Structures are given as structure tokens and as C-alpha cells.
Amino acid sequence: AQSVTQLGSHVSVSEGALVLLRCNYSSSVPPYLFWYVQYPNQGLQLLLKYTSAATLVKGINGFEAEFKKSETSFHLTKPSAHMSDAAEYFCAVSKGGSYIPTFGRGTSLIVHP
Amino acid sequence: KAGVTQTPRYLIKTRGQQVTLSCSPISGHRSVSWYQQTPGQGLQFLFEYFSETQRNKGNFPGRFSGRQFSNSRSEMNVSTLELGDSALYLCASFLASEETQYFGPGTRLLVL
């Protein structure tokens with residue numbers, strides 16, 4: 001079975017500060033890992049994904065995530081937060097193929113001016 | 001290439017009614033998955049269709065059903081609506097070569 005834990009249902013940062021959203025996973029096989037962002041009343045938009053290539057993955061809007069197998073983590077970071085980054089962020093893990101990804105409960109990012 | 005489209009975007013129904021939601025996947029994507037999103041339960045997987053066949057199923061009652069047509073468009077039906085069915089229903093299409101799900105904007109269902 002696979003599972004995802006997102007630490008912190010809410011994360012608050014000041015504009016210009018570092019963004020760090022935590023994601024830990026468990027998977028019985030080498031995983032595929034994803035970060036999605038959801039703005040109010042919209043669907044989920046893919047930010048980035050890890051599919052066993054480079055462990056540091058760069059995504060859209062200046063976000064990146066690093067796959068750390070020893071820590072079973074896939075934390076999302078951005079050097080400098082922008083007001084437009086305020087949204088809900090979801091981490092997901094999949095075994096690949098026809099397996100349905102498992103999503104975390106989400107982390108709401110709040111950006112203060 | 002057009003993204004995943006869902007219709008309608010908003011819907012209000014009363015208890016006991018039934019509802020049908022529609023999803024058109026990205027062109028060339030043959031897999032369509034449906035999710036229910038609520039503040040209390042988060043994102044929950046309903047079912048997945050591939051080539052007109054249900055391939056995976058989540059843990060939802062039989063009131064929730066779906067189907068997929070030969071053009072990969074999918075519909076989801078909920079019968080005998082309950083207040084707890086109020087949610088954002090998301091559809092996602094999947095391309096095996098990219099190992100990635102792409103989501104539509106969702107249908108917001110309110111049951112009164």
C-alpha cells in the first residue's frame with residue numbers, strides 16, 4: 001500500500017520568504033511523486049513530478065522538489081514567495097502504470113504582504 | 001491542445017434527485033478518473049475508466065456510477081442524492097506515457 005503525509009494543514013509565510021511544504025510518502029516500489037496546486041474553485045494543476053530521473057525536480061512558477069529516498073520525502077520549495085502562490089498544495093504518490101495515485105490531505109499556503 | 005473539460009461547472013439539486021456530470025479528457029487520453037473533494041474528507045478516488053471499462057474503483061456506495069464512451073468522454077451519475085454528496089467533483093485524464101493525471105476544473109455540486 002502507498003500513503004502520503006503532508007505535514008501541516010496550513011503554512012504561513014511572508015511575501016519574499018522561503019516556501020517549504022513537506023511531504024513524506026510510503027511505497028512498496030520505487031514511486032512516482034507529484035505536486036499539484038489548486039486555486040479556489042479550480043481543479044488541480046500539475047506543478048512538478050518525479051519519475052525516477054533526476055532527484056531534484058524543477059516545476060512551474062519557480063517551485064522545485066527534491067526526492068530523498070533515505071528520508072522518504074519529497075518536499076516542495078520556492079526561494080521567494082509571491083502573493084499569487086497562495087493556494088492549496090497536494091502531494092501525491094503512485095506506483096506507476098495503471099495504479100491510481102494516492103493524494104495527501106493538502107497544505108494551504110498563506111502568503112502575507 | 002485543449003485541457004480536460006467538465007460540464008456543468010455548478011449544479012444545485014435537492015435530496016433524492018439524481019445528477020449526471022460530464023467529462024471530456026485531453027485528446028488522445030484514454031483513461032478518465034473521477035474524484036470527490038470535500039473539506040472534511042479531502043480528495044477521494046471514485047473510479048477510473050479505460051477504453052470504456054471500469055479499471056479501478058474506490059470505496060463509494062453503488063449510488064455512484066459512471067461510464068465511458070468510445071470517444072473517451074465519461075459521465076458520472078449519482079442517484080438518490082444526499083446532503084453529504086455536496087462536493088467538488090473532479091475529473092482527470094491520464095496518459096500512460098507521461099505517468100501523469102491532468103485535472104479538469106471540476107463541477108461544484110450543492111445538494112439542498
Side-chain angles (χ1 to χ4, degrees), chain A residues 1-10 21 23 25 27 29-54 57-60 63 65 67 74 87-108, chain B residues 2-11 21 23-26 29-51 53-60 87-110:
Chain A
Q2 52 195 28
S3 67
V4 175
T5 301
Q6 290 185 240
L7 295 176
S9 58
H10 294 83
L21 304 182
C23 173
Y25 70 91
S27 177
V29 299
Y32 294 89
L33 293 158
F34 308 84
W35 275 100
Y36 287 86
V37 60
Q38 185 179 32
Y39 298 101
N41 294 316
Q42 294 187 26
L44 275 65
Q45 178 185 2
L46 180 68
L47 269 178
L48 49 80
K49 64 180 179 182
Y50 166 78
T51 56
S52 75
V57 182
K58 294 187 183 301
I60 62 172
F63 284 94
F67 171 67
F74 191 58
E88 190 86 10
Y89 291 80
F90 293 89
C91 180
V93 62
S94 170
K95 290 194 282 187
S98 65
Y99 290 97
I100 299 300
T102 299
F103 286 82
R105 292 301 301 266
T107 297
S108 178
Chain B
V4 179
T5 58
Q6 292 187 245
T7 57
R9 291 294 313 277
Y10 302 92
L11 207 48
L21 312 181
C23 171
S24 293
I26 295 171
H29 291 200
R30 293 165 62 192
S31 163
V32 174
S33 294
W34 288 90
Y35 294 82
Q36 181 194 66
Q37 186 179 26
T38 59
Q41 299 298 320
L43 202 61
Q44 293 185 285
F45 170 71
L46 280 155
F47 31 65
E48 182 218 8
Y49 285 85
F50 177 80
S51 293
T53 301
Q54 189 179 87
R55 184 163 69 175
N56 288 289
K57 187 178 188 304
N59 189 27
F60 275 80
L88 180 66
Y89 289 88
L90 293 165
C91 163
S93 72
F94 176 81
L95 187 61
S97 62
E98 296 182 14
E99 295 285 359
T100 301
Q101 289 197 327
Y102 295 91
F103 285 81
T107 294
R108 173 78 61 186
L109 172 65
L110 177 60

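Predicted model only: the values in this text are computed from it and were never measured. Here is how names work: the chains are called A, B, and so on, in the same order as the sequence lines, proteins then strands, and each is numbered from 1.
- What you find for A:Tyr36 and B:Gln101 is that their closest heavy atoms are OH-O, 2.7 Å.
- No other option in B:Ser31, B:Pro105, B:Ala92, B:Ser33 has as many heavy-atom pairs under 4.5 Å with chain A as B:Pro105.
- Of all non-hydrogen atoms in B:Leu90 and A:Gln38, the two that sit nearest each other are CD1-NE2, 4.3 Å.
- For A:Leu44, the parts lying under 4.5 angstrom from a heavy atom of chain B are both the backbone and the side chain.
- Contact of A:Glu88 with chain B is not made at all, since no heavy-atom distance falls under 4.5 Å.
- If you measure heavy-atom distances from B:Tyr35 to chain A, the contacts under 4.5 Å come from the side chain alone.
- When all heavy atoms are compared, the tightest approach of B:Thr100 to A:Phe34 is OG1-CE2, 3.8 Å.
- Both the backbone and the side chain of B:Glu98 have a heavy atom closer than 4.5 Å to some heavy atom of chain A.
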Please lay out, stage by stage, how B:Gln37 and A:Phe103 fare under the test side-chain contact (heavy atoms from CB on, under 4.5 Å). CA-CA 11 Å; B:Gln37 186 179 26; A:Phe103 286 82; over 6 Å; no
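- B:Glu99 CD to A:Lys95 NZ: the interatomic distance, rounded to the nearest 0.5 Å, is 13.0 Å.
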